[in-house]
Amino acid sequence: AAPDAAPRAVAYVDSEAPDGGDGSLRAPFNALDDVELDAGIEQTVYLKRGSLFRRSQAWEIPSKTKVAAYGRYSDPRPIIDGRYEDIYGLIRGLDLVDVAIADVHVRRARHGVLFLGLSDGVTGTRILAEDMVGLGGFAHEDATNGTGGVTWIDCDAVRCEGDGFSNRAETNDVLIGCRAYHCGPIWGVYAIADRIPSGSLVNYVPVEATMPNISREFFVDSINGNDANDGLTPQTAWQTVAKINSSSITGDRINLAKG
């Protein structure tokens, strides 16, 4: 955890950083909750590429917040992982103004990104929402006067039990170059909620037959692993080939420990 400090206009977060960081590029925080977010100031939060942030509750974003990735572009997007807990929005915000979220991977919760209430100047860009259980990838809810809206740009919803993208807010949300794969209330190929206003879609790209080039990465260690683990990191590796065969799909990457 970080020491108490005033909110930073720019904060860096790296899940592998040591404790006690001050949120600077040289000494980043190592947990999302270390960042003190304040709707009264404009703030930018940079998440280190390759980071894995495990959550048991939503990360609440106030107005005037920007979230982006930093580090080597060849490294994977930072992951916010709900571990299949009952989390309504791994990233969530209420009545937002001037918010932008980009280059983040959210997975394994009830909702991926959930905006509630009015939204004005809110965008999500190059976000991957994957393996959402019960609900969907991207959602906007609980606004009734039809003003404002969320713009989703180049976002992917993959393997979501609910809609890939949904709007139950009666606002003018827009999708530009977005894709939904194997999403839907009945595990359809793709889905988008009916309440997104007619004409609001710009270059929405549903794909009916093929998955995107988005693979999962699993780790196997025959000595130190355990098939009860999630297999997603070297520290939580599986142990047996049988677990691989029952859990992975074509396109996933399997890392085998030496020994």
Side-chain angles (χ1 to χ4, degrees), residues 1-71 73 77-82 87-106 109 111-129 138-145 147-155 169 171-174:
D4 292 337
R8 298 183 62 97
V10 178
Y12 294 86
V13 191
D14 177 357
S15 64
E16 298 300 317
D19 290 341
D22 60 9
S24 64
L25 179 60
R26 184 181 295 273
F29 297 133
N30 62 13
L32 300 179
D33 290 337
D34 289 343
V35 182
E36 184 178 349
L37 295 172
D38 185 341
I41 64 174
E42 293 185 0
Q43 293 176 272
T44 301
V45 182
Y46 289 104
L47 308 181
K48 182 71 175 292
R49 288 182 175 274
S51 287
L52 174 60
F53 302 101
R54 292 187 174 89
R55 302 289 297 174
S56 59
Q57 60 185 6
W59 187 32
E60 300 281 354
I61 300 295
S63 292
K64 301 181 181 179
T65 300
K66 309 294 188 293
V67 178
Y70 78 102
Y73 192 78
R77 281 173 284 195
I79 295 172
I80 302 176
D81 182 8
I87 304 172
Y88 284 81
L90 283 167
I91 300 177
R92 186 171 67 195
L94 172 66
D95 293 336
L96 297 177
V97 177
D98 295 335
V99 166
I101 301 171
D103 295 308
V104 178
H105 179 178
V106 292
H111 260 137
V113 182
L114 174 61
F115 295 135
L116 301 167
L118 303 179
S119 297
D120 186 5
V122 176
T123 61
T125 306
R126 294 183 302 276
I127 303 171
L128 167 60
F138 303 87
H140 185 196
E141 300 181 356
D142 297 342
T144 58
N145 70 354
T147 62
V150 178
T151 299
W152 304 107
I153 304 170
D154 195 21
C155 293
T171 57
N172 295 315
D173 290 5
V174 175

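Values in this document were obtained by computation on a predicted structure and should not be read as measured data.
- The distance from atom CG of Leu114 to atom CG of Leu94, rounded to the nearest 0.5 Å, is 10.0 Å.
- Of all non-hydrogen atoms in Ile87 and Ser56, the two that sit nearest each other are CD1-C, 3.6 Å.
- The shortest distance between side-chain heavy atoms of Leu47 and Leu32 falls below 4.5 Å.
- Between Lys48 and Tyr70 the shortest side-chain heavy-atom distance falls below 4.5 Å.
- No option in Val104, Ile153, Asp154 other than Asp154 meets the side chain to side chain contact (heavy atoms under 4.5 Å, CB included) test with Arg126.
- Closest approach of Ile41 to Lys64, counting heavy atoms only: O-CB, 3.6 Å.
- Listed here is the closest heavy atom pair of Gly124 and Cys155: O-SG, 3.4 Å.
- Taking all atoms of both residues into account, the shortest heavy-atom contact from Asn30 to Phe53 is O-CE2, 4.1 Å.
- Residues Trp59 and Val106 are not in side-chain contact: their nearest non-hydrogen atoms beyond the backbone lie 4.5 Å or more apart.
- Rounding to the nearest 0.5 angstrom, the gap separating the CD1 atom in Ile91 from the CD1 atom in Ile80 is 4.0 Å.
- Ser51 places a side-chain heavy atom less than 4.5 Å from the side chain of Asp14.
- Within the 4.5 Å cutoff, side-chain heavy atoms of His140 are placed close to those of Ser119.
- Using cut-offs of 30° and 60° on the angle between ring planes, the pair Tyr12 and Tyr46 is parallel.
- Summarising the geometry, atom CG belonging to Asp33 is positioned 10.5 Å from atom CD belonging to Glu60; distances are rounded to the nearest 0.5 Å.
- A distance of 6.5 Å separates CG in Asp98 from CG in Asp120, rounded to the nearest 0.5 Å.
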Audit row: Val150, Phe138, side chain to side chain contact (heavy atoms under 4.5 Å, CB included) steps and yes/no:
CA-CA 10 Å; Val150 178; Phe138 303 87; over 6 Å; no

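- Contact detail for Gly89 and Ala58: the closest heavy-atom pair is O-CB, 2.9 Å.
- A side-chain donor-acceptor contact under 3.5 Å links Gln43 to the backbone of Asp38.
- Note that the CZ atom of Arg8 and the CG atom of Asp34 stand 12.0 Å from one another [nearest 0.5 Å].
- Note on ring orientation: taking the six-membered ring where Trp is involved, the planes of Tyr88 and His111 are perpendicular (angle over 60°, cut-offs 30° and 60°).
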Could you check Phe115 against Ile61 for side chain to side chain contact (heavy atoms under 4.5 Å, CB included), going step by step and ending with a plain yes or no?
CA-CA 9 Å; Phe115 295 135; Ile61 300 295; 5.8 Å; no

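- For the atom pair CD1 of Ile79 and CG of Leu90, the computed distance is 11.5 Å after rounding to the nearest 0.5 Å.
- Nearest approach of Leu52 to Ser15, heavy atoms of both residues: N-OG, 3.1 Å.
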